[in-house]
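Report on the following structure.
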Amino acid sequence: MAVYTDINEIDLKAFLQQYDAGELLSYKGIAEGVENSNFLLHTSKAPLILTLYEKRVEKNDLPFFLGLMHHLADRGLSCPLPLPRKDGALLGELSGRPAALISFLEGMWLRKPEAKHCREVGKALAAMHVAGEGFELKRPNALSLEGWKTLWAKSKDRADEVETGLETEIGDELAFLAKHWPTDLPAGVIHADLFPDNVFFLGDELSGLIDFYFACNDFLVYDLSIGLNAWCFEKDGAYNITKGMAMIEGYQSVRPLSTAEIEALPILSRGSALRFFLTRLYDWLTTPAGALVVKKDPLEYLKKLRFHQKVASSAEYGLKP
Ligand SMILES: Nc1ncnc2c1ncn2[C@@H]1O[C@H](COP(=O)(O)OP(=O)(O)O)[C@@H](O)[C@H]1O
Ligand SMILES: N[C@@H](CCOP(=O)(O)O)C(=O)O
C-alpha cells in the first residue's frame, strides 16, 4: 500500500474547499503504487483521486507532469486530468505535502496481460509520443545515466546483501552503458514508467494511461524498451517474443521506428532494466520496515538485465533490423 503521509478529515475538508469538487462523502488510502500517497475520494459530485507527492517527485517538476496530462488529453489521449482549484492553480498542499486532485479514470489494470493487450499498449505508447509533440515544458530524464550513477553510489556498498557479486557486476554494467549509450535518436516526451499497473482496461479495451510522474524528455524508443521489460517477460523470467512482437507491431502501426531506433533496442533495454533494478534496489535497502508499501523485487530486473546482455540483435525481441 502506498500511503506514506496520512491525512485527517478536517484538513481534507478544508483542502476541498479550495475546489469546486462537491462535499466529501468518504475517502480511503489506495493499496497500490510505490511512489506517492494516493487516496480515493467520493464527493457529492464525483469520485476523485487525491495524490500527495512524495520522495522522488521534485515539486519543481509538478508543472511539467500536470501540464503534460492536460496537453495529452487535449490531443485525444485518454488520461486523468488534474482539477483546477477555484483560484486556477493545479497544485495545493495537504499534510505538508504538495497535493493535487485528479479525475478518476474508469478501468482496471491487468494482472495477466496477453499479447493482444501488449499490442494495445504499444499503440497507446506511440499515440502518447505523437500527442506529446509540441508540449512546451522540458524535463530531462533524472533516471538516465547520471541518475543511475547517483543511485548506485547510494546502494553499492550494500548491494552484495541482495546477491553476492552484485557490486562488481553492476559497476561493470554501468561502465558499459556509459560507453555505448546512444546519443542521437528521435526524442520527445516519454512516459518512462508504463507498467501494467499504469494502464487501465475496460474488458479488452484500453481505457487510459495514468501515473505520469516519471515522464520526461528522452529517446522515444527508450520508452518502448521499458514497455518490453514491463509487459513481455513471464513470471519465470523468460522473454515472451509473442508479446514483444505484438507490442512492437502495435507501436509501429502508429509510429514506425527508424533503423537506428531498431538497432538501439538491445542497449536501451539493458539500460531500462538497470534503471528499474536500481530504483528497486535503493528502495529495498532504504524503505523503513513499517512503511505501508509493498516493496518490489530488484532481482526480477537483474534477470531481465542478464537476458538483454545476451541479446545479439533486435530480431530477438521480435523485430527485423
Ligand atoms: N486517475 C486515477 N483514476 C483511477 N485510479 C487511479 C488514478 N490514479 C491512481 N489510481 C489508483 O491508484 C493506484 C496508484 O496510483 P499510481 O499513480 O500508480 O501511484 P504512484 O504515483 O505511487 O506510482 C493505481 O494503481 C490506481 O489503482
Ligand atoms: N514501476 C516501477 C515502480 C514505480 O511504479 P508504480 O506505478 O508502481 O508506483 C517498478 O516496477 O519498479
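In listed order, ligands and their atoms are each counted from 1. These values consider heavy atoms only, across backbone and side chains, with no hydrogens, waters or symmetry-generated copies.
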Would you mind running through ligand 1 and noting each atom that sits below 4.0 Å from a heavy atom of [X]?
X      : value
Pro80  : 1 (N)
Asn198 : 18 (O)
Asn36  : 20 (P), 21 (O), 22 (O)
Phe200 : 4 (C), 5 (N), 26 (C)
Ile30  : 11 (C), 12 (O), 13 (C)
Phe104 : 3 (N), 4 (C)

Relative to [atom], which among [options] owns the nearest non-hydrogen atom?
atom                    : options                : result
atom 19 (O) of ligand 1 : Thr51, Ile102, Asn38   : Asn38
atom 7 (C) of ligand 1  : Leu81, Ile49, Asp193   : Ile49
atom 10 (C) of ligand 2 : Arg280, Arg275, Lys295 : Arg280

If you take the centroid of each ring, where Trp contributes its six-membered ring, are [Y] and [X] closer together than 6.0 Å?
X      : Y      : value
His129 : Tyr222 : no
His191 : Phe212 : yes
Phe135 : Phe64  : yes

Side chains of [X] and [Y]: does their closest heavy-atom pair fall under 4.5 Å?
X      : Y      : result
Leu48  : Ile102 : no
Tyr213 : Glu35  : no
Trp109 : Asn198 : no

Check your understanding: Under 6.0 Å from the six-membered ring centre of Tyr4 and within 45° of its axis: does the NZ or CZ of Arg97 meet both?
Key ->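 No, Arg97 does not lie over the aromatic ring of Tyr4.
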
Point to revise | NZ or CZ of Lys304 within 45° of Tyr301 ring axis and under 6.0 Å | key: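 Lys304 over Tyr301 ring: yes.
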
Enter the distance from [X]:[atom1] to [Y]:[atom2] here, rounded to the nearest 0.5 Å.
X      : Y      : atom1 : atom2 : value
Leu274 : Ser272 : CG    : OG    : 9.0 Å
Leu90  : Met69  : CG    : CE    : 9.5 Å
Asp211 : Asp197 : CG    : CG    : 7.0 Å
Leu94  : Asp6   : CG    : CG    : 10.5 Å

Review point. Just by distance, do the side chain of Ser314 and the backbone of Ile262 share a donor-acceptor pair under 3.5 Å?
Key: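 Yes, the answer is positive, given that a donor and an acceptor are paired below the 3.5 Å cut-off.
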
Exercise for review: State whether the side chain of Arg75 and the backbone N or O of Gly132 hold a donor-acceptor pair below 3.5 Å, judged by distance alone.
Suggested key: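 No: the side chain of Arg75 does not pair with the backbone of Gly132.
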
Of all the non-hydrogen atoms in the protein, which one sits nearest to [atom], and at what distance?
atom                   : result
atom 7 (O) of ligand 2 : Asp211 OD2, 3.0 Å
atom 6 (P) of ligand 2 : Asp197 OD2, 3.7 Å
atom 1 (N) of ligand 2 : Asp193 OD1, 2.7 Å
atom 9 (O) of ligand 2 : Val34 N, 2.9 Å

Check your understanding: Which ligand 2 atoms are under 4.0 Å away from a heavy-atom of Asn198?
Key ->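 Near Asn198, meaning under 4.0 Å from one of its heavy atoms, ligand 2 has 7 (O).
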
Practice item. Please could you name the atoms of ligand 2 that Phe276 approaches to less than 4.0 Å, counting only its heavy atoms? Key: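 Matching atoms, with element in brackets: 2 (C), 10 (C), 12 (O).
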
Check your understanding: Just distances here: any N/O of Tyr213 and N/O of ligand 1 closer than 3.5 Å?
Key ->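 It does not: no N or O of Tyr213 is found under 3.5 Å from an N or O of ligand 1.
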
**Study point:** Under 3.5 Å: N/O of Asp211 near N/O of ligand 1
**Key:**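 Yes, there is a polar N/O contact under 3.5 Å.
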
Practice item. Please state which part of Leu40 comes within less than 4.0 Å of ligand 1, counting heavy atoms only: side chain, backbone, both or neither. Key: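 Neither part.
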
Review point. With a 4.0 Å heavy-atom cut-off (strictly under), which part of Leu105 contacts ligand 1: side chain, backbone, both or neither?
Key: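 For Leu105, backbone and side-chain atoms both sit under 4.0 Å from ligand 1.
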
Heavy-atom contacts under 4.0 Å between [X] and ligand 2: side chain, backbone, both, or neither?
X      : answer
Thr279 : neither
Lys296 : side chain
Asn36  : neither

Exercise for review: Take every heavy atom of Ser37, measure it against each atom of ligand 1, and state whether any distance is under 4.0 Å.
Suggested key: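 No, Ser37 has no heavy atom closer than 4.0 Å to ligand 1.
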
